[in-house]
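Protein chains get the first letters and strands the later ones, always in sequence-line order, with residue 1 at the start of each. What's counted below: heavy atoms across the whole structure, side chains too, no hydrogens, waters or symmetry copies.
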There are 2 protein chains.
Amino acid sequence: MKTSNDIINCRSCIYRNLLYDKLNDKEYGQVNSARTEYIYQRGELIKQEGDKIKSFLYLRVGLVKLFKTDHFGKDHILSINKPGDFISLLSIFSNSTYKYSISALEETHVCEVALPVLKNLVASNGAFALKVLNRMSHISDTIIENSFRINQKQVKGRIAHILLFLADKIYHGHTFRMPITRREVGELISMTTENTIRTLSEFKKDGIISMDGKTISILDYGRLVKVSKSG
Amino acid sequence: MKTSNDIINCRSCIYRNLLYDKLNDKEYGQVNSARTEYIYQRGELIKQEGDKIKSFLYLRVGLVKLFKTDHFGKDHILSINKPGDFISLLSIFSNSTYKYSISALEETHVCEVALPVLKNLVASNGAFALKVLNRMSHISDTIIENSFRINQKQVKGRIAHILLFLADKIYHGHTFRMPITRREVGELISMTTENTIRTLSEFKKDGIISMDGKTISILDYGRLVKVSKSG
DNA sequence: TAGTAATTATGATTAATATCATATTAACAA
DNA sequence: TTGTTAATATGATATTAATCATAATTACTA
C-alpha cells in the first residue's frame, strides 16, 4: 500500500455528489485535510477483521471484497464493492473494530477520512447526516437483499446470479474478465470450488456462456436470467 | 390492530435511553405528538413488503419476525426482533417502500413516529443523528452477522444456533415457549420443515433438549454450544 | 527458465438434504 | 362437540452437493 499523490480533492471528485455535495467551503476544507488516499495492489489486505476503526473508507478506484473468516479458516464473502461505495460504513457508527476484512481484487484507491471529522460533520450538518444515513442504509440493504436472493437458489441459480451481478452491476457489459477466482465465487455463494467450476463448465457446454481464461462472455443472457430465477 | 390507550410517553418509556435521551423538552413534545402506539395480535401483519414507509417503527412490547417472500411463495425470515429494536430502520432512509414484511409472533406494541418529524430531528440535533446511526448500524450488522453464522453450518449447527439465540438473546433462560413454528425455524435457517423437526427430535433423543408441546428446555447447554460451533 | 504453488478441471464416491408419503396430534372455527 | 386445517412427526427414496482423488493448466517466483 502506498499513499496517492493525486491532486484530487473531494470537491473535484467525480463521486462528490454521492456524499459531499451537502458541505460548504469550510467543511470541504476540513474533509480534505483529514483525508488521505491510499493505493493497494491486487491481493493486498486493506483492513483486517479486528482492526481498530479510525476512519471512514471511500472506494474511489478499483474493486474490493468484504469477507469474514470462520473458525475453520474458511472465508465467506459478504459483498463485492465498486467505486463510490462506502466500504467501512456498516460498522463505523456502532463498532470500534472492523467485523470483516477488506481486500483489493485489482489496483484500488481508497480515500480515508478521519472518523472524528466525519462524526463532527454529521453532528453539525443535518443535510449531510441524512445523506450518510441514506447511503449507509443502502449498502446494508444490498448485502441483506443479496443474501436473501442467494439463499433461495441452488448452485446453478447462484452462479447465474453472480454472473448477472458482475455483468450488470460491475462491468455493465456481457463480456468481462472475472475479478475473482472460482474459489472466491464459491465463498460468495456458499458453495464448494469444485461445484462452482463444474457449474460454469455446464453453462459453457449448454452455450449460455463462453470462457477464455479469465474472460467470460454471456452468450445467452435471457437463459441466464431464467436459470437465476428458477434454479 | 388497534391503537393503544397507554398514557406512556417517550420520556417515561423504559427504552428511552436507546434513542430519545438526546432530546430536549421541546423535541420530546414533537416526538410525542407525532407518535401513535399500535397493538397487534399474534399472526397479524404489521407491514407488508411494498407498503409505503410513512413512519419510524419502534418495537415496545412483544416479538416480531421480519421476512421476505420469494417468487415461489416461500417465506425467508431475516430476523426475529424484540422490544427496543428499530424494526423499520433498515429502509426508512433509503427506500420509499418496505423491502420486507413484519408480522407479530405474539401480542406486540409498536410505536410509530411520523417520518418527517424524525428526519427533522436528525437534521437539527447532531447527537440524536449519531445515536440513530449507531442503532441503525447495529441492527443491520446483526442481520448480516447472523446470515454469516447460519451459512457456515449445516442443519444441526443451524438449529443449535437458533435455540441458543432464543435462550440467550430473547428469553434469557434455558426453558422457553417456542415463539415460532418448526416451519418458521426452517424459514429462518434455510432448511425444510421436515429436517428441522427431525433435527429437534434428534436433539431430544440425544438428551440435549426436552420438548413438551411448544415448550423447549435446554438440558445440555455445553453440548448445544459445541454442536453450534462444529456442525 | 525451471520449479513450485495455485487454479481450473473432471470423475467417482459419500454424505447431506429435499422430496414424497402418510400418520398423529394440536389448534381453531362452526 | 365435531369437523377442518395446521403443525408435528417419521420413514423411504430421490436429488443435490460435498468430499476425495487425480490431472492439466496457469501464474508466480527464485
Measure CZ/Arg158(A) against C1'/dT16(D) and give the value in whole Å, please. 11 Å
Bounds of contact between DNA chain C and chain A, in 5' to 3' order, using a heavy-atom cut-off under 4.0 Å: dT7(C) to dA12(C)
Could you run through nucleotides 17-30 of chain D and give me one letter per nucleotide, 5' to 3': B if any protein heavy atom sits under 4.0 Å from the base, S if only the sugar-phosphate is that close, - if neither? SBBB----------
Think Thr181(B) has a side-chain N or O under 4.0 angstrom from the OP1 or OP2 of dA6(D)? no
Non-neighbouring partners of Glu112(B) that pass side-chain hydrogen bond (donor to acceptor under 3.5 Å, both in side chains), sequence neighbours left out: Lys47(B), Ser55(B)
Partners passing side chain to side chain contact (heavy atoms under 4.5 Å, CB included) against Lys54(B) (at least two apart in sequence or in another chain): Lys52(B)
Restricting to side chain to side chain contact (heavy atoms under 4.5 Å, CB included), what partner residues turn up for Gln154(B), sequence neighbours left out? none
Can you tell me the distance, in whole Å, between the NZ atom of Lys205(B) and the C1' atom of dT8(D)? 15 Å
With Arg177(B) via side-chain hydrogen bond (donor to acceptor under 3.5 Å, both in side chains) - residues at least two apart: none
With sequence neighbours left out, what residues match Ser210(B) under side-chain hydrogen bond (donor to acceptor under 3.5 Å, both in side chains)? none
Non-neighbouring partners of Leu45(A) that pass side chain to side chain contact (heavy atoms under 4.5 Å, CB included), sequence neighbours left out: Gln48(A), Phe67(A), Ser101(A), Ser103(A)
Classify the ring geometry between Tyr38(B) and Tyr40(B) as parallel (under 30°), tilted (30 to 60°) or perpendicular (over 60°). tilted
If a pair satisfies side-chain hydrogen bond (donor to acceptor under 3.5 Å, both in side chains) and one of its residues is in residues 155-169 of chain B, list it, with sequence neighbours excluded. Asn146(B)-His161(B), Lys156(B)-Glu202(B), Asp168(B)-Tyr221(B)
Taking only residues at least two apart or on different chains, which pairs with a member in residues 63-83 of chain A satisfy side-chain hydrogen bond (donor to acceptor under 3.5 Å, both in side chains)? Lys65(A)-Glu184(A), Lys68(A)-Glu145(B), Thr69(A)-Asp75(A), Asp70(A)-His76(A), Ser79(A)-Asn81(A), Asn81(A)-Asp85(A)
Sorted by chain and number, sequence neighbours left out, side chain to side chain contact (heavy atoms under 4.5 Å, CB included) with Thr192(A) holds for Glu194(A), Asn195(A)
Rounded to 10°, tell me the angle between the two end axes of the helix from dT1(C)-dA30(D) to dA30(C)-dT1(D), each built from five pairs. 50°
